[in-house]
Participant: 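Here it is: the structure, laid out below.
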Amino acid sequence: MERQEVNEFFSTELLAWYRQIKRDLPWRMNRDPYRVWVSEIMLQQTRVDTVIPYYNTFMNKFPTVKALAEAPETEVLKCWEGLGYYSRARNLQAGAREVTERYDGIVPDDKASVAGLKGVGPYTTGAIMSIAFNRPEPAVDGNVMRVLSRYFCLEDDIAKPSTRVSIEKLAASLIPEGAAGDFNQALMELGALVCTPKSPGCLPSCPVMEHCTARLEGKEHELPVKTKAKPPRPEFRAAAIVAGSGEHAGKVLVRQRPATGLLAQMWELPHLLLPKDKAGWLAEHAPKEQGELAAMIGQMLEEDTGLLIRPRSWFTDADHIFSHIHWKMRFYLADLGEASGMLEEVASAAEYAGIAAEAASEYNVTDKLASHYRWIGLEDMETLPFPNLFLRILKQYWE
DNA sequence: AAAACGGGGGT
DNA sequence: ACCCCAGTTTT
(Lines give C-alpha, C1' and ligand atoms only; values in the text may rest on other atoms or scores of the structure.)
Protein backbone atom coordinates (compact mmCIF):
# COMPACT_ATOMS: atom_id res chain seq x y z
CA MET A 1 0.00 0.00 0.00
CA GLU A 2 1.28 3.45 -0.87
CA ARG A 3 1.91 6.01 1.79
CA GLN A 4 -0.94 8.14 0.46
CA GLU A 5 -3.33 5.22 0.79
CA VAL A 6 -2.16 4.49 4.34
CA ASN A 7 -2.85 8.10 5.25
CA GLU A 8 -6.30 8.03 3.69
CA PHE A 9 -7.04 4.74 5.42
CA PHE A 10 -6.14 6.37 8.71
CA SER A 11 -8.34 9.44 8.23
CA THR A 12 -11.32 7.56 6.84
CA GLU A 13 -11.37 4.73 9.37
CA LEU A 14 -10.70 7.00 12.33
CA LEU A 15 -13.48 9.39 11.34
CA ALA A 16 -15.99 6.56 10.86
CA TRP A 17 -14.99 5.03 14.18
CA TYR A 18 -15.44 8.31 16.00
CA ARG A 19 -18.88 8.92 14.57
CA GLN A 20 -19.95 5.54 15.90
CA ILE A 21 -18.55 5.55 19.40
CA LYS A 22 -18.06 9.19 20.39
CA ARG A 23 -18.84 9.95 24.00
CA ASP A 24 -21.81 12.08 24.90
CA LEU A 25 -20.01 14.96 26.62
CA PRO A 26 -21.60 18.20 27.87
CA TRP A 27 -19.65 20.38 25.45
CA ARG A 28 -20.78 18.24 22.53
CA MET A 29 -24.41 19.27 23.06
CA ASN A 30 -24.02 21.86 20.29
CA ARG A 31 -21.32 23.88 18.55
CA ASP A 32 -21.76 27.15 20.42
CA PRO A 33 -18.23 28.64 20.12
CA TYR A 34 -18.37 29.92 23.70
CA ARG A 35 -19.17 26.44 25.00
CA VAL A 36 -16.34 24.98 22.94
CA TRP A 37 -13.96 27.68 24.14
CA VAL A 38 -14.73 27.12 27.82
CA SER A 39 -14.40 23.35 27.46
CA GLU A 40 -11.05 23.61 25.70
CA ILE A 41 -9.60 25.88 28.35
CA MET A 42 -10.79 23.58 31.14
CA LEU A 43 -9.44 20.53 29.32
CA GLN A 44 -5.91 21.92 29.16
CA GLN A 45 -3.79 19.43 31.15
CA THR A 46 -6.97 18.13 32.77
CA ARG A 47 -8.87 14.87 32.26
CA VAL A 48 -12.34 14.74 30.81
CA ASP A 49 -13.83 13.11 33.91
CA THR A 50 -12.38 15.82 36.12
CA VAL A 51 -13.70 18.60 33.92
CA ILE A 52 -17.32 17.47 33.48
CA PRO A 53 -18.73 18.62 36.85
CA TYR A 54 -16.77 21.89 36.72
CA TYR A 55 -17.96 22.54 33.19
CA ASN A 56 -21.61 22.06 34.09
CA THR A 57 -21.37 24.34 37.09
CA PHE A 58 -19.44 26.95 35.14
CA MET A 59 -21.83 27.04 32.18
CA ASN A 60 -24.78 27.22 34.52
CA LYS A 61 -23.27 30.18 36.32
CA PHE A 62 -21.80 31.92 33.25
CA PRO A 63 -23.99 30.83 30.31
CA THR A 64 -22.78 33.51 27.89
CA VAL A 65 -19.66 35.49 27.05
CA LYS A 66 -21.37 38.54 28.50
CA ALA A 67 -22.21 36.82 31.79
CA LEU A 68 -18.59 35.78 32.20
CA ALA A 69 -17.27 39.20 31.22
CA GLU A 70 -19.42 40.93 33.83
CA ALA A 71 -18.75 38.56 36.73
CA PRO A 72 -16.45 39.45 39.66
CA GLU A 73 -13.11 37.68 39.29
CA THR A 74 -13.48 36.02 42.67
CA GLU A 75 -16.66 34.28 41.54
CA VAL A 76 -14.90 32.93 38.46
CA LEU A 77 -12.00 31.66 40.55
CA LYS A 78 -14.42 30.09 43.00
CA CYS A 79 -15.90 28.06 40.13
CA TRP A 80 -12.36 26.99 39.23
CA GLU A 81 -11.45 26.03 42.80
CA GLY A 82 -9.67 22.66 42.83
CA LEU A 83 -9.25 22.51 39.07
CA GLY A 84 -5.75 23.97 39.08
CA TYR A 85 -3.84 26.28 36.75
CA TYR A 86 -5.91 29.21 37.93
CA SER A 87 -4.49 31.62 35.39
CA ARG A 88 -6.69 29.74 32.93
CA ALA A 89 -9.76 31.09 34.67
CA ARG A 90 -8.45 34.64 34.78
CA ASN A 91 -7.28 34.52 31.17
CA LEU A 92 -10.62 33.09 30.08
CA GLN A 93 -12.44 35.96 31.70
CA ALA A 94 -10.03 38.44 30.14
CA GLY A 95 -10.81 36.79 26.82
CA ALA A 96 -14.53 37.08 27.45
CA ARG A 97 -14.09 40.78 28.16
CA GLU A 98 -12.12 41.23 24.95
CA VAL A 99 -14.76 39.42 22.92
CA THR A 100 -17.43 41.55 24.55
CA GLU A 101 -15.65 44.79 23.79
CA ARG A 102 -14.02 44.14 20.43
CA TYR A 103 -16.33 41.59 18.82
CA ASP A 104 -19.68 42.58 20.28
CA GLY A 105 -19.84 39.43 22.39
CA ILE A 106 -19.52 37.08 19.41
CA VAL A 107 -16.55 34.71 19.27
CA PRO A 108 -15.01 35.60 15.88
CA ASP A 109 -14.77 32.99 13.13
CA ASP A 110 -11.22 34.09 12.48
CA LYS A 111 -8.04 32.26 13.34
CA ALA A 112 -5.87 35.27 14.14
CA SER A 113 -8.54 36.83 16.36
CA VAL A 114 -9.09 33.61 18.29
CA ALA A 115 -5.35 33.02 18.62
CA GLY A 116 -5.01 36.50 20.08
CA LEU A 117 -7.26 35.78 23.05
CA LYS A 118 -5.51 35.34 26.41
CA GLY A 119 -4.89 31.73 27.36
CA VAL A 120 -5.50 30.52 23.81
CA GLY A 121 -2.37 28.94 22.33
CA PRO A 122 -1.80 26.87 19.18
CA TYR A 123 -3.76 23.84 20.37
CA THR A 124 -6.81 25.74 21.62
CA THR A 125 -6.86 27.92 18.51
CA GLY A 126 -7.04 24.82 16.34
CA ALA A 127 -9.62 23.19 18.61
CA ILE A 128 -11.95 26.20 18.55
CA MET A 129 -11.55 26.84 14.83
CA SER A 130 -12.15 23.21 13.90
CA ILE A 131 -14.78 22.17 16.43
CA ALA A 132 -16.84 25.36 16.54
CA PHE A 133 -16.37 26.53 12.94
CA ASN A 134 -15.24 23.35 11.16
CA ARG A 135 -12.19 25.14 9.78
CA PRO A 136 -9.39 22.80 8.63
CA GLU A 137 -6.92 23.67 11.39
CA PRO A 138 -4.93 21.03 13.33
CA ALA A 139 -5.45 20.72 17.09
CA VAL A 140 -2.41 18.90 18.41
CA ASP A 141 -2.42 17.96 22.09
CA GLY A 142 -0.73 15.16 23.99
CA ASN A 143 -3.17 12.58 22.67
CA VAL A 144 -2.58 13.54 19.07
CA MET A 145 1.20 13.50 19.46
CA ARG A 146 1.01 10.04 20.99
CA VAL A 147 -1.37 8.64 18.36
CA LEU A 148 0.54 10.03 15.40
CA SER A 149 3.94 9.13 16.87
CA ARG A 150 2.76 5.54 17.01
CA TYR A 151 0.86 5.31 13.75
CA PHE A 152 3.73 6.84 11.77
CA CYS A 153 6.50 5.61 14.06
CA LEU A 154 7.88 9.08 14.73
CA GLU A 155 10.83 9.02 17.10
CA ASP A 156 11.07 12.74 17.81
CA ASP A 157 10.91 13.77 21.47
CA ILE A 158 7.37 15.06 21.99
CA ALA A 159 8.59 17.19 24.90
CA LYS A 160 10.35 19.47 22.40
CA PRO A 161 8.33 22.40 21.04
CA SER A 162 9.68 21.77 17.53
CA THR A 163 8.13 18.30 17.52
CA ARG A 164 4.67 19.71 18.13
CA VAL A 165 5.14 22.02 15.16
CA SER A 166 6.09 19.21 12.81
CA ILE A 167 3.23 17.00 14.03
CA GLU A 168 0.85 19.91 13.44
CA LYS A 169 1.83 19.91 9.78
CA LEU A 170 1.25 16.19 9.55
CA ALA A 171 -2.10 16.46 11.38
CA ALA A 172 -3.24 19.24 9.05
CA SER A 173 -2.50 17.09 6.02
CA LEU A 174 -4.70 14.30 7.39
CA ILE A 175 -7.89 16.34 7.89
CA PRO A 176 -10.65 14.95 5.63
CA GLU A 177 -12.52 17.46 3.49
CA GLY A 178 -15.27 19.17 5.46
CA ALA A 179 -14.75 17.12 8.64
CA ALA A 180 -12.10 19.03 10.60
CA GLY A 181 -14.05 19.18 13.84
CA ASP A 182 -14.96 15.52 13.97
CA PHE A 183 -11.55 14.38 12.77
CA ASN A 184 -9.64 16.38 15.36
CA GLN A 185 -11.91 15.09 18.09
CA ALA A 186 -11.54 11.58 16.70
CA LEU A 187 -7.78 11.81 17.06
CA MET A 188 -8.12 12.86 20.68
CA GLU A 189 -10.86 10.35 21.40
CA LEU A 190 -8.62 7.55 20.12
CA GLY A 191 -5.77 8.75 22.31
CA ALA A 192 -8.02 8.97 25.35
CA LEU A 193 -9.90 5.69 24.96
CA VAL A 194 -7.70 3.29 22.97
CA CYS A 195 -4.20 4.52 22.19
CA THR A 196 -3.47 5.24 25.86
CA PRO A 197 -0.02 5.98 27.27
CA LYS A 198 0.64 2.74 29.20
CA SER A 199 -1.34 -0.06 27.66
CA PRO A 200 -2.60 0.77 24.18
CA GLY A 201 -5.65 -1.34 23.36
CA CYS A 202 -4.67 -2.12 19.78
CA LEU A 203 -6.65 -5.29 19.65
CA PRO A 204 -9.48 -5.53 19.51
CA SER A 205 -10.30 -1.85 19.78
CA CYS A 206 -8.21 0.25 17.44
CA PRO A 207 -9.79 1.15 14.10
CA VAL A 208 -6.43 1.84 12.45
CA MET A 209 -4.12 -0.78 13.97
CA GLU A 210 -3.95 -2.60 10.65
CA HIS A 211 -1.51 0.00 9.33
CA CYS A 212 -0.10 1.34 12.58
CA THR A 213 3.65 1.38 12.05
CA ALA A 214 4.58 1.19 15.73
CA ARG A 215 2.35 -1.83 16.30
CA LEU A 216 3.58 -3.59 13.16
CA GLU A 217 7.13 -3.12 14.44
CA GLY A 218 6.20 -4.09 17.99
CA LYS A 219 7.14 -0.65 19.29
CA GLU A 220 3.76 0.63 20.47
CA HIS A 221 5.01 0.59 24.07
CA GLU A 222 8.21 2.49 23.26
CA LEU A 223 6.47 5.40 21.58
CA PRO A 224 6.14 8.26 21.88
CA VAL A 225 9.62 9.27 23.00
CA LYS A 226 9.42 11.85 25.77
CA THR A 227 12.12 13.19 28.08
CA LYS A 228 11.01 12.96 31.67
CA ALA A 229 10.39 16.02 33.78
CA LYS A 230 12.61 17.15 36.64
CA PRO A 231 11.29 16.18 40.07
CA PRO A 232 9.76 19.05 42.04
CA ARG A 233 12.15 20.85 44.39
CA PRO A 234 11.27 20.60 48.08
CA GLU A 235 10.25 23.66 50.08
CA PHE A 236 9.68 23.64 53.82
CA ARG A 237 6.96 25.99 54.96
CA ALA A 238 5.42 26.84 58.30
CA ALA A 239 1.84 28.02 58.54
CA ALA A 240 -0.40 29.32 61.28
CA ILE A 241 -4.08 28.90 61.89
CA VAL A 242 -4.67 32.05 63.88
CA ALA A 243 -7.84 32.07 65.94
CA GLY A 244 -9.47 35.48 66.25
CA SER A 245 -10.72 36.94 69.52
CA GLY A 246 -13.22 39.61 70.51
CA GLU A 247 -15.24 40.62 67.49
CA HIS A 248 -13.31 38.05 65.44
CA ALA A 249 -13.98 35.15 67.81
CA GLY A 250 -14.57 31.90 65.94
CA LYS A 251 -12.82 33.17 62.85
CA VAL A 252 -9.36 32.55 61.43
CA LEU A 253 -6.89 34.76 59.63
CA VAL A 254 -6.46 34.22 55.89
CA ARG A 255 -4.87 36.23 53.14
CA GLN A 256 -5.10 36.68 49.39
CA ARG A 257 -2.06 35.84 47.28
CA PRO A 258 -0.48 38.36 44.89
CA ALA A 259 -1.96 39.02 41.45
CA THR A 260 0.78 37.13 39.62
CA GLY A 261 2.70 33.91 40.08
CA LEU A 262 1.81 30.69 41.85
CA LEU A 263 -1.87 30.43 42.86
CA ALA A 264 -2.33 34.07 41.92
CA GLN A 265 -5.30 35.78 43.57
CA MET A 266 -6.22 32.69 45.53
CA TRP A 267 -6.69 32.74 49.32
CA GLU A 268 -4.58 30.85 51.81
CA LEU A 269 -3.54 30.45 55.42
CA PRO A 270 -0.56 32.63 56.29
CA HIS A 271 2.70 30.77 55.95
CA LEU A 272 6.32 31.36 55.15
CA LEU A 273 9.20 29.71 53.41
CA LEU A 274 11.82 28.49 55.85
CA PRO A 275 15.38 29.33 54.93
CA LYS A 276 17.35 26.27 53.86
CA ASP A 277 19.37 26.12 57.05
CA LYS A 278 16.27 26.24 59.25
CA ALA A 279 14.32 23.88 57.06
CA GLY A 280 16.33 20.92 58.27
CA TRP A 281 14.84 21.32 61.74
CA LEU A 282 11.40 20.67 60.41
CA ALA A 283 12.46 17.55 58.61
CA GLU A 284 14.52 16.10 61.44
CA HIS A 285 12.57 16.90 64.60
CA ALA A 286 9.20 15.72 65.82
CA PRO A 287 6.63 18.53 66.01
CA LYS A 288 6.49 18.34 69.84
CA GLU A 289 10.18 19.08 70.18
CA GLN A 290 9.96 22.25 68.23
CA GLY A 291 8.94 24.88 70.72
CA GLU A 292 11.84 26.92 69.53
CA LEU A 293 10.84 26.64 65.91
CA ALA A 294 7.25 27.51 66.73
CA ALA A 295 8.39 30.62 68.53
CA MET A 296 10.46 31.64 65.56
CA ILE A 297 7.51 31.16 63.25
CA GLY A 298 5.31 33.25 65.49
CA GLN A 299 7.86 36.03 65.39
CA MET A 300 8.23 35.89 61.63
CA LEU A 301 4.48 35.89 61.11
CA GLU A 302 4.22 38.85 63.45
CA GLU A 303 6.62 40.77 61.28
CA ASP A 304 4.60 39.76 58.26
CA THR A 305 1.15 40.62 59.53
CA GLY A 306 1.79 43.27 62.11
CA LEU A 307 -0.21 41.19 64.58
CA LEU A 308 1.13 39.63 67.78
CA ILE A 309 0.83 36.01 66.81
CA ARG A 310 1.47 33.31 69.37
CA PRO A 311 1.76 29.70 68.15
CA ARG A 312 0.28 27.43 70.83
CA SER A 313 0.42 23.92 69.46
CA TRP A 314 1.18 21.77 66.47
CA PHE A 315 -1.90 21.07 64.35
CA THR A 316 -0.85 18.90 61.42
CA ASP A 317 1.71 18.35 58.68
CA ALA A 318 0.75 18.27 55.03
CA ASP A 319 2.53 17.66 51.75
CA HIS A 320 1.39 19.39 48.63
CA ILE A 321 3.01 18.64 45.31
CA PHE A 322 2.83 21.03 42.39
CA SER A 323 4.45 20.25 39.05
CA HIS A 324 7.64 22.04 40.00
CA ILE A 325 7.55 22.48 43.80
CA HIS A 326 6.94 20.11 46.68
CA TRP A 327 5.60 21.97 49.72
CA LYS A 328 6.30 20.25 53.02
CA MET A 329 4.12 22.19 55.40
CA ARG A 330 3.72 22.31 59.16
CA PHE A 331 0.60 23.95 60.55
CA TYR A 332 0.45 25.49 64.02
CA LEU A 333 -2.60 26.58 65.97
CA ALA A 334 -2.06 30.13 67.11
CA ASP A 335 -3.85 33.00 68.77
CA LEU A 336 -3.20 36.66 69.32
CA GLY A 337 -1.05 38.06 72.10
CA GLU A 338 -2.47 40.43 74.70
CA ALA A 339 -1.30 43.64 73.11
CA SER A 340 -2.40 42.67 69.64
CA GLY A 341 -3.09 45.49 67.29
CA MET A 342 -6.36 45.68 65.40
CA LEU A 343 -6.39 44.61 61.79
CA GLU A 344 -7.64 48.04 60.79
CA GLU A 345 -4.43 49.59 62.06
CA VAL A 346 -2.45 47.15 60.02
CA ALA A 347 -4.44 47.94 56.93
CA SER A 348 -3.90 51.64 57.23
CA ALA A 349 -0.20 51.10 57.79
CA ALA A 350 -0.20 49.12 54.60
CA GLU A 351 -1.90 51.85 52.67
CA TYR A 352 0.56 54.34 54.07
CA ALA A 353 3.60 52.43 52.87
CA GLY A 354 2.12 50.57 49.93
CA ILE A 355 3.91 52.60 47.33
CA ALA A 356 7.30 51.07 48.01
CA ALA A 357 6.24 47.44 48.05
CA GLU A 358 5.80 46.88 44.33
CA ALA A 359 8.91 44.77 43.90
CA ALA A 360 8.20 42.33 46.71
CA SER A 361 7.54 38.86 45.37
CA GLU A 362 7.13 37.06 48.68
CA TYR A 363 5.36 37.94 51.89
CA ASN A 364 8.31 39.58 53.50
CA VAL A 365 7.16 43.13 53.11
CA THR A 366 4.81 43.88 55.96
CA ASP A 367 3.48 47.15 54.72
CA LYS A 368 1.87 46.14 51.48
CA LEU A 369 0.47 42.77 52.39
CA ALA A 370 -1.46 43.43 55.52
CA SER A 371 -4.40 44.81 53.54
CA HIS A 372 -4.76 41.42 51.89
CA TYR A 373 -5.54 39.75 55.20
CA ARG A 374 -9.04 38.96 56.36
CA TRP A 375 -10.81 37.20 59.22
CA ILE A 376 -13.18 34.54 57.97
CA GLY A 377 -15.61 32.02 59.38
CA LEU A 378 -16.67 28.68 57.96
CA GLU A 379 -19.43 30.30 55.91
CA ASP A 380 -16.93 32.55 54.11
CA MET A 381 -15.32 29.53 52.54
CA GLU A 382 -18.26 29.36 50.18
CA THR A 383 -17.30 32.66 48.59
CA LEU A 384 -13.50 32.89 48.74
CA PRO A 385 -11.45 30.64 46.42
CA PHE A 386 -8.84 28.47 48.16
CA PRO A 387 -6.42 25.92 46.70
CA ASN A 388 -7.38 22.41 47.79
CA LEU A 389 -4.49 22.20 50.19
CA PHE A 390 -5.86 24.97 52.40
CA LEU A 391 -9.45 23.94 51.83
CA ARG A 392 -8.67 20.58 53.40
CA ILE A 393 -6.84 22.07 56.36
CA LEU A 394 -9.57 24.60 57.08
CA LYS A 395 -12.30 21.99 56.92
CA GLN A 396 -10.29 19.80 59.25
CA TYR A 397 -9.95 22.74 61.63
CA TRP A 398 -13.66 23.44 61.72
CA GLU A 399 -14.70 19.79 62.07
C1' DA B 1 14.81 25.87 24.91
C1' DA B 2 13.53 25.68 29.59
C1' DA B 3 10.92 26.81 33.47
C1' DA B 4 6.62 28.24 35.69
C1' DC B 5 2.12 26.98 36.36
C1' DG B 6 -2.27 22.61 39.93
C1' DG B 7 -4.24 18.82 40.91
C1' DG B 8 -5.79 14.30 40.54
C1' DG B 9 -6.17 9.67 38.57
C1' DG B 10 -4.06 5.60 36.43
C1' DT B 11 -0.66 1.83 36.65
C1' DA C 1 6.53 6.14 42.93
C1' DC C 2 6.04 7.72 38.56
C1' DC C 3 3.48 9.23 34.52
C1' DC C 4 0.54 12.23 32.27
C1' DC C 5 -3.40 14.58 31.25
C1' DA C 6 -8.04 17.98 24.97
C1' DG C 7 -1.24 23.40 27.10
C1' DT C 8 0.03 28.46 27.66
C1' DT C 9 2.96 32.03 29.20
C1' DT C 10 7.14 33.82 30.74
C1' DT C 11 12.01 33.79 31.01
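Residue numbers start from 1 in every chain, and the chains themselves are labelled A, B, ... in the order their sequence lines are given, proteins ahead of strands.
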Participant: Mind checking A:Arg90 for me? I need base, sugar-phosphate or nothing, with any heavy atom below 4.0 Å counting as a touch.
Facilitator: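 If one applies the 4.0 Å heavy-atom cut-off, A:Arg90 turns out to touch nothing in the nucleic acid.
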Participant: Relative to the 5' end of DNA chain B, which residue comes earlier, A:Pro161 or A:Leu83, by the nucleotide with the nearest heavy atom?
Facilitator: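 The residue mapped nearer the 5' terminus is A:Pro161.
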Participant: For B:dA4, does OP1 or OP2 lie under 4.0 Å from any side-chain N or O of A:His324?
Facilitator: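 A:His324 to B:dA4 OP1/OP2: no side-chain N or O under 4.0 Å.
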Participant: Assign each of A:Tyr86 and A:Lys160 to its nearest nucleotide of DNA chain B by heavy atoms, then name whichever residue's nucleotide is nearer the 5' end.
Facilitator: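 Here A:Lys160 is the residue nearer the 5' end.
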Participant: Among A:Phe62, A:Trp37, A:Trp27, find the residue that satisfies the ring pair (Phe, Tyr, Trp, His ring centres under 6.0 Å) test when tested with A:Tyr55.
Facilitator: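 So, applying the ring pair (Phe, Tyr, Trp, His ring centres under 6.0 Å) to A:Tyr55 and each of A:Phe62, A:Trp37, A:Trp27, only A:Trp27 qualifies.
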Participant: Run through DNA chain B and report every stem of 3 or more consecutive Watson-Crick or G-U pairs, distances under 3.5 Å, ordered by first number.
Facilitator: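 So far as stems of 3 or more pairs are concerned, DNA chain B shows B:1-5 with C:7-11, B:7-11 with C:1-5.
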Participant: Could you tell me whether A:Tyr332 and A:Trp314 have their ring centroids closer than 6.0 angstrom?
Facilitator: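 Not close enough - the centres of the two rings lie 6.0 Å or further apart.
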Participant: Sequence neighbours left out, what passes side chain to side chain contact (heavy atoms under 4.5 Å, CB included) with A:Glu5? Give chain and number order.
Facilitator: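 In terms of side chain to side chain contact (heavy atoms under 4.5 Å, CB included), with neighbours along the sequence ignored, A:Glu5 is linked to A:Met1, A:Glu2.
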Participant: Expressed in whole Å, how much space separates the C1' atoms belonging to C:dC4 and B:dC5?
Facilitator: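 Going atom to atom, C1' in each nucleotide, I get 15 Å.
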Participant: Hey, is the side chain of A:His320 poking within less than 4.0 Å of OP1 or OP2 on B:dG7, counting only N and O atoms?
Facilitator: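 Yes, within the criterion.
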Participant: Please determine, by modelled atom types, if A:Tyr86 and A:Glu81 share a side-chain donor-acceptor pair under 3.5 angstrom.
Facilitator: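 On atom types as modelled, these side chains do not qualify, holding no pair under 3.5 Å.
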Participant: Would you say A:His372 and A:Arg255 are linked by a side-chain donor-acceptor pair, where the criterion is simply a distance under 3.5 Å?
Facilitator: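 Not at all, the side chains of A:Arg255 and A:His372 share no donor-acceptor pair under 3.5 Å.
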Participant: So which nucleotide from B:dG7, B:dA4, B:dG9 ends up closest to the side chain of A:Asn388?
Facilitator: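 Out of B:dG7, B:dA4, B:dG9, the nucleotide with an atom closest to A:Asn388's side chain is B:dG7.
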Participant: Could you state the atom-to-atom distance from CG of A:Asp157 to P of B:dA1 in whole Å?
Facilitator: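 After rounding, the reported distance stands at 11 Å.
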Participant: Rounded to whole Å, how long is the line connecting atom CZ of A:Arg392 with atom P of B:dG6?
Facilitator: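 Distance check: A:Arg392 CZ to B:dG6 P gives 15 Å.
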Participant: Pick the P atom in C:dT11 and in B:dG6, then give their distance to the nearest Å.
Facilitator: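 That atom pair is separated by 15 Å.
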Participant: Calculate the interatomic distance between A:Trp327 atom CH2 and B:dG7 atom C1'; express it in whole Å.
Facilitator: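 Checked: the CH2 to C1' distance equals 13 Å.
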Participant: Round to a whole Å and report the spacing from CD1 of A:Ile325 to C1' of B:dG7.
Facilitator: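 The answer, rounded to whole Å, is 14 Å.
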Participant: Would you give a per-nucleotide map of nucleotides 3-8 of chain C, 5' to 3', where B means the base has a protein non-hydrogen atom under 4.0 Å away, S means only the sugar-phosphate does, and - means neither?
Facilitator: SBBBBS
Participant: For A:Phe10, check ring pair (Phe, Tyr, Trp, His ring centres under 6.0 Å) against everything at least two apart and list the hits.
Facilitator: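 Partners of A:Phe10 by the ring pair (Phe, Tyr, Trp, His ring centres under 6.0 Å) criterion, ordered by chain and then number, come out as A:Tyr151.
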Participant: Taking the P atom in each of C:dT9 and B:dG8, what is the distance between them to the nearest angstrom?
Facilitator: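 The answer is 24 Å between these two P atoms.
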Participant: Does anything in residues 195-204 of chain A pair up under side-chain hydrogen bond (donor to acceptor under 3.5 Å, both in side chains), and if so which pairs, sequence neighbours excluded?
Facilitator: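 Not a single pair qualifies under side-chain hydrogen bond (donor to acceptor under 3.5 Å, both in side chains).
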Participant: Between A:Trp327 and A:His320, what is the ring plane arrangement, given parallel below 30°, perpendicular above 60°, and tilted in between?
Facilitator: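 Aromatic pair A:Trp327/A:His320 classed tilted.
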Participant: Need one value for A:Leu389: base, sugar-phosphate or nothing, where a base atom within 4.0 Å counts as base even if backbone is also close, heavy atoms only.
Facilitator: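 Since no nucleic acid heavy atom lies under 4.0 Å of A:Leu389, the category is nothing.
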Participant: Please check: side-chain N/O of A:Glu268 versus main-chain N/O of A:Phe390, any donor-acceptor pairing under 3.5 Å?
Facilitator: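 No, because the side chain of A:Glu268 does not come within donor-acceptor range (under 3.5 Å) of the backbone of A:Phe390.
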Participant: Indicate every side-chain donor-acceptor pair of residues 167-178 of chain A with a distance under 3.5 Å to a residue at least two apart or in another chain.
Facilitator:
| residue | atom | partner | partner atom | Å |
| --- | --- | --- | --- | --- |
| A:Glu168 | OE2 | A:Arg164 | NE | 3.1 |
| A:Glu168 | OE2 | A:Arg164 | NH2 | 3.4 |
| A:Ser173 | OG | A:Leu170 | O | 2.6 |

Participant: Could you state the atom-to-atom distance from NE2 of A:His326 to C1' of B:dG7 in whole Å?
Facilitator: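 To the nearest whole Å, that distance equals 14 Å.
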Participant: What is the distance, to the nearest angstrom, from the CH2 atom on A:Trp80 to the P atom on B:dG6?
Facilitator: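 Distance, rounded to whole Å: 12 Å.
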Participant: Rounded to the nearest Å, what distance is computed from the CD atom of residue A:Glu81 to the P atom of nucleotide B:dG8?
Facilitator: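 In whole Å, B:dG8 P lies 11 Å from A:Glu81 CD.
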